[in-house]
Asks: 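Structure incoming, see below.
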Amino acid sequence: MHLKTGENNFSILVWESTVIFLIAARREIMEYSKGKKITAFVGCFLMAMVVQVSTQALNNISYPLLDSMGRADLFVLTATLSGLGMAVMCPIGGKLGDLFGRPKVAAIGGIACFVLHIMLAFITSPVLWVIVRSMIPFAIGLFLSIPFSLPAELFPESYPQKIGLISGALAAGIVVGSYGGGLLYQAGFAKAAVIVPGLFAIAGALMIITSVHNRSSKNVKIDVMGFIWLFVMLTALCLVLSFASTWGYLSVPSIIGYVVTIGSAIILFKTEQKVADPCMPFKLFKNKVFLCVALFAFFSSMYQYVIQVYTPLYGQNVLGLSTGVTGSFQLPRTIVCIIAPILCAAVLKKSPRAFRSYLAISAAITIISFILLVIPGSGDNITMIYVALALTGIGEGFKNISSNPLAITTLEPQNIGIGIALMSSMGSIGAQVSAAIIGLVFNASLTKGMATACFSTYYTIIVFTVLALVFILSVKLPKPDKQAQA
């Protein structure tokens, strides 16, 4: 297919026509009133916020709540199981949205999230509390991709701008969840601190389901075995990444985890070759653009674990700072993460080639940020730590408005939901892998001192981010002048 257009407007034409084609190829775009579009988008905004509002609020109050029940020892298990749900359910929820309609899946996930938060607020048994707490991320994972995929259907002409706002919602959710949840708990409103995130979910779900027509695929045939093996593979992978350092990397439980992960992945691959509409369309990874963007998402997300865990550790144990100061390290970054995606989406050019450039800039900024942390004397400067982490927020702004829009140009309409969900999952799995690898690097370097051990994690992140940069620069897109002459 050759597009004949002027060189100046070629890039934006490719972007707009590709997104509109992806939606219209499957079904005609139904006209919505401006009010319904705005209502649906506010619903997407709230459902994006609940991801972080729920996570941050519950992470903040889990330990004191379990401690009040006499089972503070369950906190680590709770945190680990909670991180499992989103990584497992995100691709499954994305595919279910493609099959049964995104509004319906949003409603089911939002209602489930609300009910689980209500239950959690009134449970007094610590074991049951851990079980219900661990189920909430599964409900969130069910609708996690919808705030990013539904705007492509409602606003194909301004999708990058809307994604900038949704990304800002995620960052805002961190502030609302961590500070709001903590303040409510300290004021004696523990039940309210648990219930409020559920209110965000139910409100967002109701706004979407009442504003957007639910359009499911015709003659839906559920790939039951595919969903089962995908669930088994992701669960085994996340469990072994989370617990291998505790069990021992060559212990019997870890080896069983490796075998189950690899075995289920092989079975899943063979199963999906035999069905017409697989839950995991492996053919997506045959597309070099999608594959490179997915690998970029994987490697470029690894740094977040380090700044959450090892940067505060360095501040406390090497610089002698209080937990209050180290806890504020990410505050400027959080503010930047709210503003940067919105500004980037508003002022930057939108085209596939531009998106690739923005992703490369994002990786370069992260690399520069960690170089600042390892320069002799610079990493000991508290102001420089704030600046370096804030710079990563600017990088997130470039990344958040670019990765999904670039990936979506390569997707067939029936795979939009699962494709965007895979982008989110690659980031989640990248964080899990980062925790395992960085933990090994840190422990191996600890004999040389805490400072050396922390710096070794920074160097490792620089290597991973360079890999992300290499993958995104390897994306080949047609040059405008060549296409224009076709």
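The chain is numbered in sequence order, starting from 1. Only heavy atoms go into these numbers, but all of them, side chains included; no hydrogens, no water, no symmetry mates. Worth saying up front: this structure is predicted, and the values here are computed from it rather than measured.
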Asks: Rounded to the nearest 0.5 Å, how far does OG of S149 lie from CZ of F143?
Replies: 12.5 Å
Asks: Should L321 and F329 be marked as a side-chain contact (heavy atoms from CB on, under 4.5 Å) after you check the CA-CA gap, both sets of side-chain angles, and the distance that decides it?
Replies: CA-CA 11 Å; L321 303 175; F329 277 169; 3.7 Å; yes
Asks: Do F155 and K37 have side-chain heavy atoms sitting under 4.5 Å apart?
Replies: yes
Asks: Just how far is it from atom CG of L46 to atom CD1 of I208, taken to the nearest 0.5 Å?
Replies: 8.5 Å
Asks: Of all the heavy-atom pairs spanning H117 and I136, show the shortest one and how long it is.
Replies: NE2-CG2, 3.7 Å
Asks: Could you check whether any side-chain heavy atom of L96 comes within less than 4.5 Å of a side-chain heavy atom of F227, counting everything from C-beta outward?
Replies: yes
Asks: At what distance, to the nearest 0.5 angstrom, does CG of L170 lie from OG1 of T334?
Replies: 12.0 Å
Asks: Give the minimum heavy-atom separation between I166 and A48, together with the two atoms involved.
Replies: CG2-CB, 3.8 Å
Asks: Quick one: does P151's side chain get under 4.5 Å of C44's, heavy atoms only?
Replies: yes
Asks: Between atom CG of L120 and atom CG of L65, what is the distance when rounded to the nearest 0.5 Å?
Replies: 8.0 Å
Asks: Checking side-chain polar atoms at under 3.5 Å, does S254 have a donor or acceptor matched by the opposite partner on S251?
Replies: yes
Asks: Got a sec, which residues hit side chain to side chain contact (heavy atoms under 4.5 Å, CB included) with V433, two or more places apart in sequence or on another chain?
Replies: L241, F298, M302, I429, I437
Asks: Short question: side chain of S445, backbone of A453 - any donor-acceptor pair under 3.5 Å?
Replies: no
Asks: Measure the shortest side-chain to side-chain distance between S301 and K399 over non-hydrogen atoms and say whether it is less than 4.5 angstrom.
Replies: yes
Asks: Nearest 0.5 Å, what's the CD1-CD1 distance between I228 and I92?
Replies: 10.0 Å
Asks: Going by heavy atoms in the side chains, are R71 and L74 under 4.5 Å from each other?
Replies: yes
Asks: Sequence neighbours left out, what pairs pass side chain to side chain donor-acceptor pair (under 3.5 Å) with at least one residue falling in residues 118-129?
Replies: none
Asks: Could you label the plane-to-plane angle of the F299 and F471 rings as parallel, tilted or perpendicular, counting under 30° as parallel and over 60° as perpendicular?
Replies: parallel
Asks: Output all residues satisfying side chain to side chain contact (heavy atoms under 4.5 Å, CB included) with N317, sequence neighbours left out; order by chain, then residue number.
Replies: L313, M450
Asks: As a quick check of understanding, evaluate side-chain contact (heavy atoms from CB on, under 4.5 Å) for S403 and F296, giving each step before the final call.
Replies: CA-CA 9 Å; S403 56; F296 176 89; 5.5 Å; no
Asks: Nearest heavy-atom pair of A107 and A205: which atoms, and what distance?
Replies: CA-CB, 3.9 Å
Asks: With I195, which residues qualify under side chain to side chain contact (heavy atoms under 4.5 Å, CB included), at least two apart?
Replies: I118, A121, F122, L199
Asks: Check whether S264 reaches the backbone of T261 with its side chain - one donor and one acceptor, N or O, closer than 3.5 Å.
Replies: yes
Asks: Between Y258 and Y249, is there a side-chain heavy-atom distance shorter than 4.5 Å?
Replies: yes
Asks: So how far is it from T392 OG1 to Y303 OH, rounded to the nearest 0.5 Å?
Replies: 4.0 Å
Asks: Name all residues meeting the side chain to side chain contact (heavy atoms under 4.5 Å, CB included) criterion together with I108; count only those two or more places apart in sequence or in a different chain, and write none if there are none.
Replies: K104, L142
Asks: Decide yes or no for I461 and I438: does some side-chain heavy atom of the first lie under 4.5 Å from some side-chain heavy atom of the second?
Replies: yes
Asks: Looking only at heavy atoms, which two atoms of I307 and P312 are closest? And how far apart?
Replies: O-CD, 3.3 Å
Asks: Dump the intermediate steps for side-chain contact (heavy atoms from CB on, under 4.5 Å) on M233 and L230, then the final yes or no.
Replies: CA-CA 5 Å; M233 181 194 74; L230 177 61; 4.0 Å; yes
Asks: Relative to the ring of Y459, is the ring of F455 parallel (under 30°), tilted (30 to 60°) or perpendicular (over 60°)?
Replies: perpendicular
Asks: Taking all non-hydrogen atoms of both residues into account, name the closest pair between G110 and A201 and its distance.
Replies: O-CB, 3.8 Å
Asks: Does the side-chain contact (heavy atoms from CB on, under 4.5 Å) test come out yes or no for T366 and S300, once each step is laid out?
Replies: CA-CA 8 Å; T366 302; S300 66; over 6 Å; no
Asks: I'd like to check V176 versus M49 (side-chain heavy atoms, cut-off strictly below 4.5 Å). Are they in contact?
Replies: yes
Asks: Could you check whether the rings of F231 and F138 sit parallel, tilted or perpendicular, using 30° and 60° as the cut-offs?
Replies: tilted
Asks: Minimum heavy-atom separation for Y305 and S434, please, with both atom names.
Replies: CB-OG, 3.9 Å
Asks: When the aromatic ring centroids of F370 and Y458 are compared, is their separation below 6.0 Å?
Replies: yes
Asks: Scan for side chain to side chain donor-acceptor pair (under 3.5 Å) pairs involving residues 42-53, sequence neighbours excluded, and state none if there are none.
Replies: Q52-Q56
